Engineer: 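The structure is given below, and queries will be raised subsequently.
Given the structure is predicted, the values throughout are model-derived calculations rather than measurements.
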Amino acid sequence: YLNPIQARSLRELERILEDPVFFSLVLLDSNLGDGNGLDCLTKIRENETKNEFPPAFIVSMSGDPVETQKKMYGKQEIGEFLLKPFSKESLLEICEKFKEENEQL
């Protein structure tokens with residue numbers, strides 16, 4: 001069961017998070033016009049803490065090298081990194097891995 005929610009900007013994510021929202025899997029673009037992945041991830045983690053939700057599995061998607069992404073996110077937990085452009089198969093592999101690790105969701 002998937003209930004996708006799409007936010008195309010940090011501002012749109014902030015509007016979505018005005019109400020408690022539980023995310024199990026987040027595909028996070030690390031470069032947005034009005035913020036970056038760290039800004040979004042911070043908002044998502046604040047929502048989780050405030051509402052006592054378990055942390056979402058985060059997939060960072062970027063054209064930047066993985067090491068650059070890791071530096072940007074610092075100590076924030078990122079489940080997987082996808083380097084753009086990525087194949088449909090790469091994304092499906094990550095989703096399948098997430099599904100296997102989170103059968104209870």
Engineer: To the nearest 0.5 angstrom, please state how far the CD atom of Glu18 sits from the CG atom of Asn47.
Structural biologist: 11.5 Å
Engineer: Within the structure provided, determine whether Leu41 and Ile78 are in side-chain contact (heavy-atom separation under 4.5 Å).
Structural biologist: yes
Engineer: Report yes or no: do Phe23 and Leu25 belong to one cluster of Ile/Leu/Val/Met/Phe/Trp/Tyr joined by side chain heavy-atom distances under 4.5 Å?
Structural biologist: no
Engineer: Could you state the interatomic distance from SG (Cys40) to CG (Leu32), rounded to the nearest 0.5 Å?
Structural biologist: 4.5 Å
Engineer: Is there a side-chain contact between Gln76 and Leu38, using heavy atoms and a 4.5 Å cut-off?
Structural biologist: yes
Engineer: Can Val26 be reached from Tyr73 by stepping across I, L, V, M, F, W or Y side chains whose heavy atoms are under 4.5 Å apart?
Structural biologist: yes
Engineer: Between the side chain of Glu96 and the main-chain N/O of Leu92, is any donor-acceptor distance below 3.5 Å?
Structural biologist: no
Engineer: Side chain of Glu48, backbone of Ala56: donor and acceptor closer than 3.5 Å?
Structural biologist: yes
Engineer: Is the shortest distance from a Lys or Arg side-chain nitrogen in Asp29 or Arg8 to a carboxylate oxygen in the other one below 4.0 Å?
Structural biologist: no
Engineer: What is the minimum heavy-atom distance between Leu17 and Lys43, and which atoms define it?
Structural biologist: CD1-O, 3.6 Å
Engineer: If you define the side chain from C-beta out and look only at heavy atoms, does anything of Leu83 sit under 4.5 Å from Ser62?
Structural biologist: no
Engineer: Would you say the side-chain atoms of Thr49 pair up with the backbone N or O of Arg45, donor to acceptor, closer than 3.5 Å?
Structural biologist: yes
Engineer: So, for Asp64 and Ser30, which heavy atoms are closest and what is the spacing to 0.1 Å?
Structural biologist: OD2-OG, 4.4 Å
Engineer: Quick one: does Asn102's side chain have a donor or acceptor within less than 3.5 Å of a partner on Lys99's backbone?
Structural biologist: no
Engineer: Which atoms form the tightest heavy-atom contact between Ala7 and Ile16, and what is the distance?
Structural biologist: CB-CD1, 3.8 Å
Engineer: Report the distance from atom CD of Glu80 to atom CZ of Phe57, rounding to the nearest 0.5 Å.
Structural biologist: 4.5 Å
Engineer: Are the side chain of Asp34 and the backbone of Arg11 linked by a donor-acceptor contact shorter than 3.5 Å?
Structural biologist: yes
Engineer: Side-chain contact, heavy-atom cut-off 4.5 Å: Glu77 with Ile58?
Structural biologist: no
Engineer: Under the side-chain contact (heavy atoms from CB on, under 4.5 Å) test, which residues partner Leu27, sequence neighbours left out?
Structural biologist: Val59, Met61, Leu91
Engineer: Please report the interatomic distance CD(Glu14) to OG(Ser9), rounded to the nearest 0.5 Å.
Structural biologist: 8.0 Å
Engineer: Mind checking the OG-CG spacing from Ser60 to Leu28? Nearest 0.5 Å is all I need.
Structural biologist: 6.0 Å
